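Report on the following structure.
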2 protein chains.
Amino acid sequence: MTATQDTHTYENGEKIYVATDCIIFGFDDGILKLLVFERRVKPKQGELSLIGSFVSPNESVTEAAQRVLKEITGLENIFMEELKCYSDTSRDDGARCISIAQYALIRIGEYDKELVKKHGAHWFEVDKLPKLVYDHGDMVQDALERLKLKSRFYPIGIELLPKQFTIPQLQKLYEVIHQKELDPRNFRKKVLSLKLLIPLDKKDKSSSKKGAYLYKFDYKKYKKLEEKGFNFSIFK
Amino acid sequence: MTATQDTHTYENGEKIYVATDCIIFGFDDGILKLLVFERRVKPKQGELSLIGSFVSPNESVTEAAQRVLKEITGLENIFMEELKCYSDTSRDDGARCISIAQYALIRIGEYDKELVKKHGAHWFEVDKLPKLVYDHGDMVQDALERLKLKSRFYPIGIELLPKQFTIPQLQKLYEVIHQKELDPRNFRKKVLSLKLLIPLDKKDKSSSKKGAYLYKFDYKKYKKLEEKGFNFSIFK
DNA sequence: ACAAAAGTGTTCTGCATACACCCATGC
DNA sequence: GCATGGGTGTATGCAGAACACTTTTGT
C-alpha cells in the first residue's frame with residue numbers, strides 16, 4: 001500500500017497507462033447519434049469502440065481529448081467536458097489502464113466527412129447502439145445521463161444544433177434528450193422568456209410548408225448572465 | 001503523438017503516475033471545515049496539502065480514495081464522489097503525475113481523532129483556508145462549487161450532519177454552503193413538505209433553551225423516490 | 001381544398017416569497 | 001421576567017401546466 005504521506009515523493013508510486021475516450025454526440029434531424037469507430041486492428045478487430053487515445057507525457061488529459069477529436073473530425077473549439085474516470089482493475093484485459101472519459105457535443109453538419117471515413121468511424125443512433133468494447137457502453141450511458149442532467153440547467157444542447165435553428169428543432173432536441181414530449185406552446189413561451197435567442201427574420205422551410213423562423217443563441221448575453229449567477233431550468 | 005487507433009495496444013502508450021486527492025468536508029456547529037494535512041517530509045515540508053495517495057496497480061481510483069480516507073479518519077462507507085481529474089503538465093514539479101480528486105462528506109463527530117492526529121491532519125474553516133500546495137487550492141474551490149450545485153438537488157448535505165439533527169441545524173448547513181440567508185419559516189415548510197424527515201420526538205437542547213426537535217433522514221424512502229425519477233430543489 | 005407543421009392566448013393551480021407573532025425554557 | 005432561539009400561519013404573486021384554434025403554404 002502506498003503510504004499517504006508519500007504522495008509527491010514518487011518513490012512509492014507505480015505508473016499506470018492513462019487514456020482518454022471521447023463520447024461524441026451529434027443531433028441529426030431529430031435523432032441523437034454517437035460517433036463510434038470500428039477497430040481495424042487486433043485485439044478486438046471489427047468490434048466497435050469509442051474514439052480514444054493514450055495521454056502522452058507532454059499533454060493534459062483535456063489536450064489529449066482535443067487532439068483525438070481534431071484528428072477524427074477535424075473540429076476544434078467544440079464543447080467537451082470531463083465525464084468521469086473509469087479505473088476498475090478488471091476494465092481492460094491487457095495491462096492496467098485507466099481512462100478519463102470526455103463527452104463532446106458537435107454540430108453534425110460541420111465535421112470533416114473525409115477524415116471520419118478515413119478513420120473508420122460511423123454515426124449510430126443512440127437508442128439503437130450495438131455493443132461496444134470493454135466498459136465503453138457504460139461510458140455512453142453515463143454520458144447520456146449527464147447530458148440529460150446538465151442540459152436542464154445549462155444551454156449545452158445548443159452545441160448540437162446548427163448555429164441557426166428553429167424553435168421546433170430546439171424542442172425536438174430537448175424531447176430526445178429527456179425522452180419526454182413537451183407542449184409546444186409552453187416550450188416556446190419558456191424559451192423565449194429567457195431572452196437568449198436572437199430572431200433572424202429568416203425562415204427554415206426544410207420541415208414544413210409554412211416554414212419556421214430561425215434564431216441564434218446569444219452567447220454573449222448568456223455569458224454575462226452566467227457570471228452574475230444566473231440560472232435557468234427548462235422544466236420544473 | 002499517440003495514434004488514435006492504437007488505444008488498447010499499449011505499444012504507443014507511456015505510463016504516468018496516477019494519484020488521488022481527497023477533499024474532506026466536515027460541518028462543525030455552523031462552520032464548514034476541511035481536513036488538511038501538514039507535510040512532515042520533503043519536499044514542501046511544513047506546507048499544507050490535501051490528503052492523497054498514488055493509485056496502486058491493484059486498485060481502482062475509488063478504492064484508493066477509500067483506502068486513504070480510512071487510513072486517516074478510520075471511516076468507511078461514507079459519501080465520496082469523483083470531482084475531476086487534474087492533469088496539467090505543469091501541475092507538479094517532479095515527474096508527470098495526474099490526480100483524480102474526490103470529495104468526501106463526513107459527520108465531524110464520528111472520525112477517529114487519534115488517527116487524524118497521528119497523521120498530522122487538521123481541520124480548517126473553509127473560508128479561512130491557508131494556501132495549499134500545488135493545485136490543491138483549485139481542487140477545494142471546485143469541490144465547494146460542486147457541493148453548492150449538487151446539494152440543491154440531492155440531499156447530500158445530510159451526510160455532513162449527525163444522524164439525528166434539527167431543522168435549524170439543517171438550515172444553517174444550507175446557509176453556509178450557499179452563502180445565503182434563508183427564511184426559517186419557508187425553509188421548514190419546504191423541507192417538511194418533502195416528507196423525507198422522520199420526526200423523533202426528542203429534543204436537542206445544545207443550542208437553545210427551548211430545544212429543537214430531532215429528525216432523521218428517511219434514506220429508504222428517498223432511494224425509492226429517486227428510482228422513480230423523483231427530483232427536488234431546495235431553492236428556486 | 002386540404003394536409004401538415006408553425007404560431008398564438010387564456011385559465012388554473014400550486015409553489016415560492018414575504019412577513020409577524022406566540023412558545024418554551026434557562027438564567 | 002426576560003432574553004434566546006424554536007415553532008406556527010396567512011396573503012400575494014408569479015410561473016408552470018393544461019388546453020384549442022388560426023395561419024401559412026405546397027401539393
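Bear in mind that the values here come from a model prediction, so they are computed numbers and not experimental data. Sequence lines set the chain letters: A, B, ... in the order given, protein chains first and strands last, and positions in each chain run from 1. Hydrogens, waters and symmetry mates play no part in the numbers below; they use all other heavy atoms, side chains included.
Rounded to an integer number of Å, the gap from CG of B:Asp204 to C1' of C:dA24 is 15 Å. Here D:dG7 presents its P atom at 12 Å from CG of B:Leu197, a figure rounded to the nearest Å. Distance A:Phe187 CZ to C:dA6 C1': 14 Å, rounded to the nearest Å. Rounded to whole angstrom, the span from the CG atom of B:Leu182 across to the C1' atom of D:dG7 amounts to 17 Å. Between the CZ atom of A:Phe232 and the C1' atom of D:dA15 there is a distance of 16 Å, rounded to whole Å. Atoms CZ (A:Arg188) and P (D:dA15) sit 20 Å apart, rounded to a whole Å. Rounded to an integer number of Å, the gap from CG of A:Asp183 to C1' of C:dT8 is 12 Å. When the P atom of D:dA18 is taken as reference, atom CD of A:Glu181 falls 13 Å away, rounded to whole Å.
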For nucleotides 10-14 of chain C, give me every protein contact, N/O to N/O, under 3.5 Å, one pair per line with atom names.
unit_1: C:dT10; atom_1: O4; unit_2: A:Lys189; atom_2: NZ; d: 3.1

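Looking at residues two or more places apart in sequence or on another chain, you find no side chain to side chain donor-acceptor pair (under 3.5 Å) involving A:Lys224. Scored by the side chain to side chain donor-acceptor pair (under 3.5 Å) test, A:Lys33 finds A:Asp28 as partners (sequence neighbours excluded).
Between B:Asp142 and B:Tyr86, the side chains place a donor N or O and an acceptor N or O closer than 3.5 Å (distance only, hydrogens not considered).
Less than 4.0 Å separates DNA chain C from at least one heavy atom of each of the following residues of residues 163-175 of chain A: A:Pro168.
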### Query
What string of B, S and - do you get for nucleotides 21-27 of chain D 5' to 3' if you count protein non-hydrogen atoms under 4.0 Å?
--BBBS-

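Cation-pi geometry between A:Lys228 and A:Phe230 is not met: the NZ or CZ atom fails to fall both under 6.0 Å from the ring centre and inside 45° of the normal. Remark: A:Lys128 is not positioned above the aromatic ring of A:Phe124, lacking an NZ or CZ atom under 6.0 angstrom from the ring centre and at most 45 degrees off the axis.
More than 12 non-hydrogen atoms from other residues, nucleotides or ligands lie less than 6.0 angstrom from NZ of B:Lys190.
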### Query
Should A:Glu76 and A:Lys70 be marked as a salt bridge (Lys or Arg N to Asp or Glu O under 4.0 Å) after you check the CA-CA gap, both sets of side-chain angles, and the distance that decides it?
CA-CA 6 Å; A:Glu76 288 180 277; A:Lys70 189 180 175 188; 3.5 Å; yes

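Ring pair B:Tyr222/B:Phe232 is perpendicular by interplanar angle, where above 60° counts as perpendicular and below 30° as parallel.
Classification of A:Arg67 and A:Glu71 as a salt-bridged pair holds, one side-chain N sitting under 4.0 Å from a carboxylate O. With salt bridges taken as basic N to acidic carboxylate O contacts below 4.0 Å, one links A:Arg107 and A:Glu159.
Heavy atoms of B:Ser193 sit nowhere under 4.0 angstrom from any nucleic acid atom.
Among residue pairs with one or both ends in residues 192-218 of chain B, none qualify as salt bridge (charged side-chain N to carboxylate O under 4.0 Å, His left out); sequence neighbours excluded.
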